[in-house]
Amino acid sequence: KLLVPIHFAFGHEIIAALIKSLIKKNDKIVLPHRNIHFVSLFSKKPLNFYTDLLQDRYYKLKSVGSMNYHENNNQIAYTSSILGNNFSVSCGISFFQKKKSILICVAGDGAIEEGSFYESLCLAKYLKLPLVFLIENNQWSMYTKIKERRCTINLKKLCSSVNINYQYIPAQKFSYSIKKFQKNISNCRNFREPLVVEFDIKTFGY
């Protein structure tokens with residue numbers, strides 16, 4: 001029995017695994033409230049993390065939490081419990097990234113409805129930030145699907161309007177997209193060009 005609310009991400013694990021295999025030592029990650037799939041791979045003490053969640057001890061500790069996660073000397077630089085908050089925070093952290101390192105900002109399709117997303121795209125392009133906006137699009141947010149709450153957002157056209165490179169990775173052709181994804185990550189790293197990558201992903205259990 002879970003004593004605390006957790007945003008599960010069953011079905012998203014492949015994205016966290018891919019990022020784990022690609023990033024380098026000085027690269028950083030900024031996560032949204034749905035981050036348990038990344039924490040599972042990047043935490044130095046993942047077993048303790050889950051045990052604290054299950055036993056309701058995280059309220060008494062400073063290092064873990066259902067949405068907010070922090071661990072010293074970890075590549076996870078920040079997690080946000082506020083929708084869209086991680087976009088602007090990522091710009092600030094990315095501005096001070098070490099040479100040839102990147103920052104990956106993970107968010108969902110719901111977060112791109114926030115004004116901070118467009119503002120962060122503009123700022124990242126203007127400052128030439130080595131920043132990857134990684135959007136996990138599972139077609140829904142909490143209790144509503146996209147078509148129930150808003151119009152369609154064409155991310156490709158939005159990125160084109162501010163001259164930012166965009167890549168869409170469909171679930172059905174995931175393996176065919178990896179080489180292009182690696183190349184785009186390399187360009188972001190070497191030329192400090194921001195990048196938006198949209199993953200088509202299915203969340204199990206909703």
Side-chain angles (χ1 to χ4, degrees), residues 5-9 11-12 15-16 19 27-39 42 65-70 75-97 102-171 181 184-185 188 192-203 206:
I6 300 173
H7 285 256
F8 286 117
H12 294 232
I15 297 177
I19 297 304
D27 296 339
K28 296 293 183 182
I29 305 171
V30 168
L31 300 173
H33 52 274
R34 185 182 62 216
N35 57 47
I36 204 164
H37 50 313
F38 276 92
V39 171
F42 285 89
S66 173
M67 293 186 181
N68 297 90
Y69 170 82
H70 175 72
Q75 286 183 288
I76 300 175
Y78 177 80
T79 65
S80 173
S81 60
I82 304 172
L83 189 65
N85 165 262
N86 51 328
F87 293 130
S88 52
V89 171
S90 293
C91 288
I93 297 175
S94 180
F95 186 76
F96 292 99
Q97 280 285 91
I102 61 173
L103 186 138
I104 296 178
C105 173
V106 182
D109 54 87
I112 66 172
E113 299 170 15
E114 302 295 313
S116 60
F117 178 60
Y118 177 73
E119 294 169 359
S120 297
L121 288 181
C122 293
L123 185 61
K125 180 64 180 181
Y126 173 69
L127 294 177
K128 298 185 182 298
L129 300 179
L131 176 54
V132 179
F133 297 96
L134 196 157
I135 309 302
E136 299 177 337
N137 190 343
N138 61 358
Q139 298 293 318
W140 73 294
S141 177
M142 293 299 287
Y143 303 107
T144 60
K145 293 185 177 181
I146 288 177
K147 63 181 180 180
E148 296 175 308
R149 69 178 188 269
R150 66 161 164 88
C151 64
T152 300
I153 297 176
N154 190 318
L155 266 183
K156 184 177 182 179
K157 289 184 177 180
L158 181 61
C159 292
S160 177
S161 71
V162 289
N163 198 25
I164 285 182
N165 193 18
Y166 165 86
Q167 181 182 1
Y168 173 70
I169 301 182
F181 181 58
N184 285 332
I185 291 288
C188 178
R192 298 181 65 87
E193 280 291 330
L195 167 70
V196 173
V197 181
E198 182 181 7
F199 279 89
D200 174 26
I201 199 76
K202 296 292 183 290
T203 305
Y206 68 90

Trainee: Any side-chain to backbone donor/acceptor pair from S116 onto S88? Under 3.5 Å, distance only.
Mentor: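 Judged by distance alone, no pair lies under 3.5 Å.
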Trainee: Taking all non-hydrogen atoms of both residues into account, name the closest pair between S94 and R192 and its distance.
Mentor: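 Smallest interatomic distance, heavy atoms only, reads O-NH2, 4.4 Å.
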Trainee: Which pair of heavy atoms, one from A16 and one from H37, lies closest together, and at what distance?
Mentor: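 Looking at all heavy atoms of both residues, the closest pair is CB-O, 3.6 Å.
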Trainee: State which residues pass side-chain hydrogen bond (donor to acceptor under 3.5 Å, both in side chains) with E119; sequence neighbours excluded, sorted by chain then number.
Mentor: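 With neighbours one apart ignored, the set is empty.
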Trainee: Would you name the heavy atoms of P32 and V106 that are closest together and state the gap between them?
Mentor: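 Of all heavy-atom pairs spanning P32 and V106, the closest is CD-O, 3.0 Å.
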Trainee: Which word best sums up how the rings of F87 and F133 line up, parallel for under 30°, tilted for 30 to 60°, or perpendicular for over 60°?
Mentor: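 The rings of F87 and F133 sit tilted, inter-plane angle from 30° to 60°.
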Trainee: At their closest point, which heavy atom of I93 faces which heavy atom of A77, and how far apart are they?
Mentor: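 Nearest pair, atom of I93 first, then A77: CD1-CB, 4.1 Å.
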Trainee: Roughly how far apart are I19 CD1 and L134 CG, rounded to 0.5 Å?
Mentor: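 Spacing of CD1 (I19) from CG (L134) equals 5.0 Å.
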Trainee: Does D109 offer a backbone N or O that forms a donor-acceptor pair with the side chain of N137 under 3.5 Å?
Mentor: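 It does not hold such a pair.
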Trainee: Rounded to the nearest 0.5 Å, how far does NZ of K128 lie from CG of L123?
Mentor: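 Spacing of CG (L123) from NZ (K128) equals 13.0 Å.
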Trainee: Take a 6.0 Å sphere around OH of Y168 and say whether it holds more than 12 heavy atoms from other residues, nucleotides or ligands.
Mentor: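 Atom OH in Y168 is packed in, count exceeds 12.
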Trainee: Taking atom CG of N165 and atom NZ of K156, what is their separation to the nearest 0.5 Å?
Mentor: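 Atom-to-atom, N165:CG and K156:NZ are 10.5 Å apart.
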Trainee: For the CG atom of L155 and the CZ atom of F117, what is their distance to the nearest 0.5 Å?
Mentor: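 Those atoms lie 5.0 Å apart.
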Trainee: For C188 and L131, work out which heavy atoms get closest and say how close.
Mentor: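 Where C188 meets L131 most closely, the heavy atoms are SG-N, 3.5 Å.
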Trainee: Under a 4.5 Å cut-off applied to non-hydrogen side-chain atoms, are E136 and T203 in contact?
Mentor: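 Not in contact.
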Trainee: Just so I know, are the side chains of V197 and N184 near enough to count as touching, which here means a heavy-atom distance under 4.5 Å?
Mentor: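 With C-beta onward as the side chain, the pair stays apart.
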Trainee: In the structure I gave you, are the side-chain heavy atoms of I185 and Q167 within less than 4.5 Å of one another anywhere?
Mentor: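 No - every pair of side-chain heavy atoms lies 4.5 Å or more apart.
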Trainee: Can you tell me how far CG of N35 sits from CD1 of I76, rounded to the nearest 0.5 angstrom?
Mentor: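 Those atoms lie 7.0 Å apart.
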Trainee: Look at the side chain of D27 and the backbone N and O of Q75, then say whether any donor-acceptor pair between them is shorter than 3.5 Å.
Mentor: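 Not confirmed, D27 side chain does not pair with Q75 backbone.
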Trainee: To the nearest 0.5 angstrom, please state how far the CD1 atom of I164 sits from the CG atom of L121.
Mentor: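 Rounded to the nearest 0.5 Å, the CD1-CG separation comes out at 4.5 Å.
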Trainee: Counting only N and O atoms by type, is there a donor-acceptor contact under 3.5 Å from the side chain of K28 to the main-chain atoms of Q97?
Mentor: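 The answer is no, because no donor-acceptor pair under 3.5 Å joins these two groups.
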Trainee: When you check the side-chain N and O atoms of Y166 and N154, is any donor under 3.5 Å from an acceptor?
Mentor: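 No pair is found: no donor N or O on one side chain lies under 3.5 Å from an acceptor on the other.
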Trainee: Shortest non-hydrogen contact from A107 to N86?
Mentor: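 Smallest heavy-atom distance, with atoms named: CB-ND2, 4.1 Å.
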